Number of protein chains: 2
Amino acid sequence: MTPNKENFIKAIYELGGDHSVISNKKLVKNLSISAASVTEMNARLLKENLISHVPYRGVKLTASGIRIAHQLIRKHRIWEVFLSEKLGYNWNEVHADADLLEHVSSDLLIERLNDFLDEPEFDPHGGVIPNKDGSLPETSAFPLTDVSTGRPFTIKEVDDDEEFLNYLLEKDIQLGDHYTLTDVESFDGPLTLETPEGRQILIGHKAAFKILVDYVV
Amino acid sequence: MTPNKENFIKAIYELGGDHSVISNKKLVKNLSISAASVTEMNARLLKENLISHVPYRGVKLTASGIRIAHQLIRKHRIWEVFLSEKLGYNWNEVHADADLLEHVSSDLLIERLNDFLDEPEFDPHGGVIPNKDGSLPETSAFPLTDVSTGRPFTIKEVDDDEEFLNYLLEKDIQLGDHYTLTDVESFDGPLTLETPEGRQILIGHKAAFKILVDYVV
DNA sequence: GAACATTTTTAGTCTATCCTAAAAATATAT
DNA sequence: ATATATTTTTAGGATAGACTAAAAATGTTC
Ligand SMILES: [Mn+2]
Ligand SMILES: [Mn+2]
Ligand SMILES: [Mn+2]
Ligand SMILES: [Mn+2]
């Protein structure tokens, strides 16, 4: 396993490759490499039985491919917790360094880091940290776009994308915040959220899709 | 700069390449690569002006080569402090992980880690941590083989080699310990050290060379 | 100083990863 | 259904890094 292969598998996973076939096009865009390079990497991973391939359609992770993705994401997210909680990184700064560190982390290192951090369950963006064995803990959260008006909810997880996180910083939206949906414009228009204190926040439909929430009990 | 080049430059430095010409043979042994690969890497580093090369004699670091070596060693040693002090690694466990982490550490990461660790001066083996600008703090220490009998001294630094560190663990020799040299066998024979409590420790000449000490004032 | 030994360099390959350009397959629009 | 557009694959190259085997240079021994 090399850093390149690991990143490639992670990209497939993050595009939904654990349950559906991902096109080369999507990987080209996500990884910023040429289409030819995607075809080549597919061939390599196919030989190692980490993906299944439907010619001219795309690829899907096998069970062992998914396990490797989960283990890499575990490393990534534990590093993000460390950078955020111990080194004072903002949540929009952690990703880049974690993306490098994840590839040079021995199991020993990750488990000791995990202990040092008191076995965190979530990364700074609310992403759940996979278990050591490569399984994924159960979580319940759904996109903000699916929330019903009037029923209070809380922010559970947000997209780990630097630009988007800056947008949330501007709007002062944080994990754990409580809101109520008061209005939705039709035709995928913006959503209006209200804080318990009565402050109104306007969120575009595309942004709302990158925010996962859950109802307050 | 790639991890391979960085390791190569560090190896030259650790073999004395900051002040003398290092043969390919030594690098072959140190890095466990073929002689041909050493010749090739020399050519690459020469083109980047990081080394000077005397054909059939060996290589020596240029000023910028030395600066790069120091900056890498800074990263390496700061990571070693972290692994040792925060994650509970033993001093014979830290090297391997630090050897990987050093290559994926942004300046931001290293400076924040340095703050988090309260700006340590030395790594777990007593090696001085180079400054951020690539300069080296002054230190005074000399090999145990050069110590005079009867004058109390303290352990300042030991070789960062897993096998050797295990040997020191067995002999219960630690940084900061105080001893007096009571006897030296001729013909590079073993040295006899005595603790303040009167316990006697026998050290082979080769091992004594890997231990740096300084007199107690 | 010739003979032998050691070390370094060169020549020729290999793999991983990337690329561009062209060909083949698939999708869309009229 | 055909023409056009998009996507994927193939073909051919590049670079970093590693190797082995052979050639060239240097060192050592008698
Ligand atoms: Mn991330
Ligand atoms: Mn990564
Ligand atoms: Mn070390
Ligand atoms: Mn290293």
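What you see is a predicted model, and the numbers here were worked out from it, not measured in a lab.
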Nucleotide dA16(D), atom C1' - distance to NE2 of H103(B) in whole Å: 16 Å

For atom CG of L27(B) and atom P of dT6(C), their distance in whole Å: 20 Å

Relative to the 5' end of DNA chain C, which residue comes earlier, E40(B) or A35(B), by the nucleotide with the nearest heavy atom? A35(B)

In whole angstroms, how far is the C1' atom of dT8(D) from the CD1 atom of I51(A)? 14 Å

Testing the 3.5 Å rule here: is there a donor-acceptor pair between the side chains of D123(B) and H76(B)? no

Side chain of H53(A): nearest nucleotide among dT9(C), dA18(D), dT9(D)? dT9(D)

Ignoring hydrogens and geometry, is there a side-chain-to-backbone donor-acceptor pair from K75(B) to S105(B) under 3.5 Å? yes

Which whole-number value in Å describes the distance from E48(A) CD to dT15(C) P? 14 Å

Report the nucleotide, chosen from dA16(D), dC19(D), dT10(D), that has the shortest atom-to-atom distance to any side-chain atom of S37(B). dC19(D)

Value in whole Å for how far the P atom of dC19(D) lies from CE of M41(B): 11 Å

Cationic N near anionic O, under 4.0 Å, R77(A) to D160(A): no

F8(A) atom CZ is separated from dC18(C) atom P, nearest whole Å, by 9 Å

N4(B) CG to dT17(C) C1', in whole Å, measures 14 Å

Any idea which of dT17(C), dA11(D), dA16(D) is nearest the A36(A) side chain? dA11(D)

Whole-Å distance, K25(B) NZ to dT26(D) P, equals 18 Å

Closest nucleotide among dT20(C), dT9(C), dG17(D) to the T39(B) side chain: dT9(C)

Contacts of type ring pair (Phe, Tyr, Trp, His ring centres under 6.0 Å), residue Y215(B), not counting sequence neighbours: F142(B)

Short side-chain N/O contact from T2(A) to OP1 or OP2 of dT17(C), under 4.0 Å: yes

Looking at the side chain of I33(A), which of dT9(C), dA18(D), dC19(C) is the nearest nucleotide? dC19(C)

Give R57(A) one of three labels, base, sugar-phosphate or nothing, depending on what nucleic acid heavy atoms sit under 4.0 Å from its own. sugar-phosphate

For F8(A), all residues meeting ring pair (Phe, Tyr, Trp, His ring centres under 6.0 Å), sequence neighbours excluded: none

Of the nucleotides dG13(D), dT8(C), dT9(D), which one has an atom closest to the side chain of N24(A)? dT9(D)

Nucleotide nearest Y56(A) (side chain, heavy atoms from C-beta), chosen from dT26(C), dC18(C), dT9(C): dT26(C)

